[in-house]
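Below is one structure, written out as structure tokens; comments come after it.
In what follows, every chain begins at residue 1, and chains take the letters A, B, ... in the order their sequences are listed.
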Amino acid sequence: LEILNEDNIYRRVPTYLPNFIKQDGTVTSLAFQLKRDEKGLSVNLERLSNYTDSVQEPSRFRLFQLNVGNIRSDEYNNLDVIYNELPENIAHSLITGEIKKNDSRKMARTGIEIFE
Amino acid sequence: MNTLAQINSSLIEFSNSNSLPYEYFDYKNTIIPRLTENNESIFNNLESFRLLKYNWDSYGASKPNGAVIKKAIDLLIWLNTSEIEIYFTAPTRDGDILLEIQNGDKSIEFVISDTVDDSISLISIEESVESKFYYAQLHKYIQYLNN
């Protein structure tokens, strides 16, 4: 499946134990950082998913939307978004490339919260 | 005026010849001021990280171990002793712990791990610089925030 620049992706952000939302309402960049052994940052492709499936537990997570074209733009460090279907999640995709801390900060800044 | 990169570069140069291994806070020989209300709340947050289980972020995050939490609390106490308020704390997805302090449009992010690879980010509107965190240079980092 080809992911287009017009596509949007979703990423869950924890809000309870721990809370990734700061006092001023902004999201910590930790939400968009890779683990040391990860090959890509897991996200859900918007057109194959919905709020309920993506947020999983609204009491523990909030959902943030990023635009694929923006992630692929020169604003970032050669990042891409690829489709990576899992048996339990047909919307599963990955942000790939070397996600540097500055990239994570940009994602945290530009992510738009999605509500039901 | 020095850029962040210049400031951090000089800190690293100085630290390389003068760095100390991190040692736990010397509780016995230090009078520890009472935590401020804000820092007490941060302390409680740090303690709560002991309750985390693997996959707390639903994406496979590791939980911080007791040694990392202890190191983060030690840093909190040091900063509180220097009358510095912690703005934000959270575990990283690798099980490290972030402590963030702010002053206006500048901020410092300390990432504490259970190895010697603690790191620091000096962040301003114009730029950000990441490097290894030298505990011996804490006062100089704080100076950056206040200048």
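Heavy-atom pairs under 4.5 Å with chain B peak, among Arg105(A), Arg60(A), Lys101(A), Lys100(A), at Arg105(A). Per-residue counts of heavy-atom pairs under 4.5 Å with chain A were compared for Ala61(B), Gly60(B), Gly95(B), Ser58(B); the largest is that of Ser58(B).
Just one residue in the list Asp103(A), Ile99(A), Leu94(A) forms a side chain to side chain contact (heavy atoms under 4.5 Å, CB included) with Leu41(A), and that residue is Ile99(A). Looking at Leu46(B), Asp96(B), Leu75(B) one by one, the single match for side chain to side chain contact (heavy atoms under 4.5 Å, CB included) with Ile112(B) turns out to be Leu75(B).
Heavy-atom distances place no part of Glu57(A) under 4.5 Å from chain B, backbone and side chain included. Heavy-atom distances place the backbone of Asn19(A), and not its side chain, under 4.5 Å from chain B. Contacts between Gln33(A) and chain B at a heavy-atom distance below 4.5 Å involve the backbone alone (N, CA, C, O).
Counting side-chain heavy-atom gaps under 4.5 Å among Ile, Leu, Val, Met, Phe, Trp and Tyr, the cluster of Val55(A) also holds Tyr10(A), Tyr51(A), Phe61(A), Leu63(A), Ile114(A).
Annotation: ring pair (Phe, Tyr, Trp, His ring centres under 6.0 Å) contacts of Phe133(B) (sequence neighbours excluded): Phe110(B), Tyr135(B), Tyr141(B).
For Asn44(A) and Ser54(A), the side-chain atoms include at least one donor-acceptor pair closer than 3.5 Å.
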